Amino acid sequence: MSYKIPYGKQYISESDTQAVIEALHSDFLTQGPRISEFEKNFAAYIGCKYAIAVSNGTAALHLPFLAIGLKEGDRIITTPITFAASANAARYCGAEVYFADIDPETYVISIDSVKALLEKHPKGYFKAIVPVDFTGYPVNLEALRTLADAHDLFILEDACHSPGGYFIDSKGIRQNCGNGHYAHAAAFSFHPVKHIAAGEGGMITTNDEALYKKMMVLRTHGITKENLVMDFPEAELQGAWYYEMQHLGFNYRITDIQAALANSQLQRADEGIKKRHEIAGYYDEKFNVPGIKKQNNGKVFNAFHLYVIEVADRKGLYEHLKSAGIFAQIHYVPVHLMPYYRQFGWKEGDFPNAENYYKHCISLPMYPTLSREEQDYVIAKVLEFVSK
Ligand SMILES: Cc1ncc(COP(=O)(O)O)c(C=O)c1O
């Protein structure tokens with residue numbers, strides 16, 4: 001039997017298809033009721049007050065920064081081991097991006113390296129931080145919030161990998177990724193390889209009402225019919241059509257077609273997380289061998305968007321798997337080493353843990369429809385290579 005196994009894959013059920021067909025036959029392809037329904041359900045799933053659906057995860061990172069007025073001359077901090085969008089969102093506002101190294105065991109931003117970076121500069125030097133729940137591993141936002149408060153930082157959690165993940169805080173309370181308890185806002189992506197697929201799509205979550213209202217306006221060009229600022233002498237001549245563009249916003253709307261698909265997928269989110277945990281548990285059990293380093297998941301509940309291992313000869317393993325029909329992936333080429341970011345002076349050697357991780361990491365197939373037979377095949381091919 002020949003295999004073709006990707007590292008990630010969407011799962012579209014019959015009910016997903018039906019939901020999209022219903023949206024197509026409805027009165028609204030966009031700006032309709034399926035968007036607010038999805039927002040309401042997503043907020044309930046995550047456990048936050050407000051959710052704003054947007055066109056993709058990148059828009060979900062950009063809008064909160066626009067809303068807080070991030071601008072040229074400001075500085076933010078993020079991790080080098082993330083998708084470029086976590087850093088780019090700040091660049092769209094003209095802000096400078098700094099990085100803090102990762103923890104070599106969990107692969108997420110190291111709170112100690114953030115602390116060291118903050119302490120080198122006066123309070124107010126940095127405006128915001130973007131911790132990324134990389135692979136689905138929840139960053140300890142409780143510890144980060146303490147630091148952030150001491151340095152006046154806005155926390156924008158990049159939760160694109162982590163819907164369904166959580167950690168238990170020092171008070172014994174479960175904190176779902178993106179619930180806005182410690183972070184000021186969070187961003188999610190509904191790209192097909194993620195937990196919930198919309199084709200393209202994203203969501204911002206927050207508990208801050210003022211921030212929510214501002215982002216709602218900015219999602220649609222900065223146009224509103226509320227809190228009008230113009231005081232027309234001939235106000236009574238204005239009609240129900242009247243609107244104002246009060247800020248420079250964007251068209252970051254999602255469509256009802258995408259919201260229908262994502263909302264239908266959301267109904268199976270818990271099922272998907274359960275399956276991802278079974279797959280991760282089985283990999284963990286089989287990879288208790290010399291030559292393989294696993295992510296240390298400690299006491300957190302990882303949402304397992306990705307399952308990553310580290311090996312000595314990563315390129316060799318990647319090629320070995322590819323020749324066997326297994327399409328692993330590398331997450332990520334460190335952002336500070338991208339030619340675009342190198343122009344700001346970042347270079348090899350700046351973040352040793354991130355760079356060392358990048359030399360050895362490989363993401364193995366991880367998605368709810370991966371069968372046990374396929375997983376056994378992947379495991380056999382990995383073990384065959386590392387035991388050589
Ligand atoms: C960590 C992270 N942040 C941001 C994004 C951007 O999301 P999108 O592709 O929906 O714009 C992604 C998606 O690839 C991601 O993995």
Side-chain angles (χ1 to χ4, degrees), residues 6-10 35 38 42 51-66 76-93 97 99-100 102 106-109 128-139 141 155-165 177-178 183 185-205 215 219 250-255 257-259 261-262 265-266 276 295 302-308 329-336 338 340-341 354 357-358 361 363 366-367:
Y7 84 92
K9 190 160 81 176
Q10 74 270 21
I35 296 169
F38 177 41
F42 194 81
I52 304 177
V54 290
S55 47
N56 53 60
T58 306
L61 288 161
H62 185 199
L63 269 190
F65 278 162
L66 272 180
I76 71 113
I77 303 167
T78 192
T79 165
I81 300 298
T82 187
F83 185 59
S86 317
N88 295 350
R91 293 293 308 139
Y92 299 155
C93 299
V97 176
F99 301 91
I102 62 163
T106 62
Y107 309 150
V108 297
I109 200 163
I129 184 160
V130 183
V132 180
D133 300 324
F134 173 64
T135 73
Y137 184 104
V139 171
L141 295 177
I155 304 180
L156 173 54
E157 177 184 5
D158 184 334
C160 289
H161 293 188
S162 63
C177 293
F188 293 88
S189 164
F190 306 125
H191 180 276
V193 292
K194 303 292 196 298
H195 295 69
I196 294 165
E200 297 283 353
M203 188 76 82
I204 306 157
T205 53
M215 291 191 291
R219 175 176 72 173
F250 289 76
N251 178 354
Y252 275 167
R253 295 186 303 260
I254 195 170
T255 66
I257 307 163
Q258 293 161 315
L261 175 55
Q265 294 244 317
L266 181 61
R276 286 171 188 273
Q295 184 177 24
N302 191 323
F304 286 119
H305 161 52
L306 301 175
Y307 184 89
V308 176
Q329 191 50 279
I330 307 306
H331 296 93
Y332 290 96
V333 179
V335 180
H336 71 287
M338 293 289 163
Y340 176 78
Y341 282 98
Y357 162 82
Y358 168 61
C361 69
S363 305
M366 166 57 85
Y367 48 90

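Nothing fancy with the numbering, it's 1 onward along the sequence. These numbers were taken from a predicted model, which means no experiment stands behind them. Start at 1 and go down the list; that is how both ligands and their atoms are numbered.
For atom 6 (C) of ligand 1, the closest non-hydrogen atom of the protein is Thr58 OG1, 3.5 Å.
Contact annotation: Leu61 has at least one heavy atom less than 4.0 Å from an atom of ligand 1. The closest approach between Ser86 and ligand 1 falls below 4.0 Å for a heavy atom of the residue.
Counting all heavy atoms, side chain and backbone alike, Gly178 lies closest to Thr205 at O-OG1, 2.7 Å. Heavy atoms only, all atoms of each residue included: Phe38 and Ala53 are closest at CD2-CB, 4.4 Å.
Between His191 and ligand 1, not a single N/O pair is under 3.5 Å apart. For Tyr332, a nitrogen or oxygen atom sits less than 3.5 Å from a nitrogen or oxygen atom of ligand 1, counting backbone and side chain alike. Considering backbone and side-chain N/O atoms, Glu200 never comes within less than 3.5 Å of an N/O atom of ligand 1. Looking at ligand 1, you'll find an N or O of Gly57 within less than 3.5 Å of one of its N or O atoms.
Partner of Val139 under the side-chain contact (heavy atoms from CB on, under 4.5 Å) criterion, chosen from Asp133, Asp158, Ile155: Asp133. His331 pairs with exactly one of Tyr7, Tyr357, Tyr358, Phe83 by the ring pair (Phe, Tyr, Trp, His ring centres under 6.0 Å) rule, that one being Tyr7.
Taking the six-membered ring wherever Trp is involved, the centroid distance between the rings of Tyr107 and Tyr137 does not fall below 6.0 Å.
For the residue pair Tyr307 / Asn302, no side-chain donor-acceptor distance below 3.5 Å is found, with atom types taken as modelled.
Within the 4.0 Å heavy-atom criterion, the part of Asp158 lying near ligand 1 is the side chain and not the backbone. By the criterion of a heavy-atom distance under 4.0 Å, the side chain of Thr82, and not its backbone, is placed next to ligand 1.
Each of the following atoms of ligand 1 lies closer than 4.0 Å to a heavy atom of Ser189: 7 (O), 8 (P), 10 (O).
In this view, Phe250 and His62, Tyr252 satisfy the ring-ring contact (aromatic ring centres under 6.0 Å, His included) rule, not counting sequence neighbours.
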Tell me which donor-acceptor pairs under 3.5 Å the side chains of residues 193-201 have, and how far apart each pair is, sequence neighbours excluded?
residue, atom, partner, partner atom, Å
His195, NE2, Ala303, O, 2.8

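Closest to atom 14 (O) of ligand 1 by heavy atom, among His305, His161, Lys194, is Lys194.
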